[in-house]
Amino acid sequence: DTGVSQNPRHKITKRGQNVTFRCDPISEHNRLYWYRQTLGQGPEFLTYFQNEAQLEKSRLLSDRFSAERPKGSFSTLEIQRTEQGDSAMYLCASSLGLADTQYFGPGTRLTVL
Amino acid sequence: GENVEQHPSTLSVQEGDSAVIKCTYSDSASNYFPWYKQELGKGPQLIIDIRSNVGEKKDQRIAVTLNKTAKHFSLHITETQPEDSAVYFCAAKSGGSYIPTFGRGTSLIVHP
């Protein structure tokens, strides 16, 4: 399968713990995006990378959230001191060059107890 | 910023019927309009998209129409099948951005 992959698929954690998610984009896709999706809502933009550079961040991305794409390939999204309000599906997407089409991964479902 | 409204939130049809989902957008600079299908426990999958220089696009049983003047676009699914049951999202993207704004989704239920 050469699509976008995300790990883990599910994560249950206690409030106050740190969690880290990984996204592997489609090979050679230079743009990588992170979204958050809650029940009954569409995906909400968090941040995106062009190669290794983080070019845009949403106001939703509080200072407890950090994302990296160190070598311009896979990306990680870390949430520090998790809160119950962080419970959501975290989606990763990638796109190639200047193309508008984004391809989504299966998501990581986070539950904060 | 862009605001996308999507209706209805739930749509229930009988197998073989047609289904129509409608979206409106606010930013007249938006020029790319994708539609995604999301099945339970999966990520959104692109099913069709349209650009602002085109009024209509078809792909087998799926079609999308765009009215730039009224700033609305619609998804049409003909001859619906139970496997079409899913949540469908519309989105709109401005030409100056790589980030689309998504609607809140329509849960389509196709009864056999």
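Chain identifiers are assigned alphabetically (A, B, ...) following the order of the sequence lines, protein sequences preceding nucleic acid strands; residue numbering begins at 1 within each chain. Basis for what follows: all heavy atoms, side chains included, without hydrogens, waters or symmetry-related copies.
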Name the residue from A:L91, A:N7, A:L32 that meets the side chain to side chain contact (heavy atoms under 4.5 Å, CB included) definition with A:C23.
A:L32
What is the ring orientation for A:F45 with A:Y35, classed by angle as parallel under 30°, tilted 30 to 60°, or perpendicular over 60°?
perpendicular
Would you say A:E52 has more than 12 foreign heavy atoms packed within less than 6.0 Å of its CD?
yes
Sidechain-backbone polar pair: B:E2 side chain, B:S26 backbone, donor-acceptor under 3.5 Å
yes
Please state whether the side chain, the backbone, both or neither of A:T101 comes within less than 4.5 Å of a heavy atom of chain B.
both
Given heavy-atom pairs under 4.5 angstrom as the criterion, report whether the side chain, backbone, both or neither of B:Q38 touches chain A.
side chain
With a 4.5 Å cut-off on heavy-atom pairs, point out which of A:H10, A:Q102, A:E56 contacts chain B the most.
A:Q102
State, with a plain yes or no, whether a side-chain heavy atom of B:I109 is found less than 4.5 Å away from one of B:S107.
yes
Largest heavy-atom contact set with chain B, pairs under 4.5 Å, which of A:S58, A:P43, A:P106:
A:P43
Whatever's closer than 4.5 Å to a heavy atom in chain B on A:L98 counts as both
Compute both the distance and the angle, then confirm whether A:R22 meets the cation-pi test with A:F74: under 6.0 Å from the six-membered ring centre, within 45 degrees of the axis.
yes
Report which part of B:Y32 has an atom under 4.5 Å of a heavy atom belonging to chain A: side chain, backbone, both, or neither.
side chain
Looking at B:G105, B:P34, B:P100, which has the largest count of heavy-atom pairs under 4.5 Å with chain A?
B:P100
Quick one: what part of A:Q6 sits under 4.5 Å from any heavy atom of chain B, side chain, backbone, both or neither?
neither
Atom group of B:K93 that falls short of 4.5 Å from chain A, counting heavy atoms
side chain
Over 60° means perpendicular and under 30° means parallel, so tell me whether A:F104 and B:Y36 are parallel, tilted or perpendicular.
perpendicular
Quick check on the 6.0 Å ring-centre criterion: do B:F33 and B:Y25 meet it?
yes
Just give me the residue among B:G41, B:G43, B:P44 that pairs up with chain A most often, heavy atom to heavy atom, under 4.5 Å.
B:P44
Pairs of heavy atoms under 4.5 Å with chain B: top-ranked of A:E44, A:R31, A:R109
A:R31
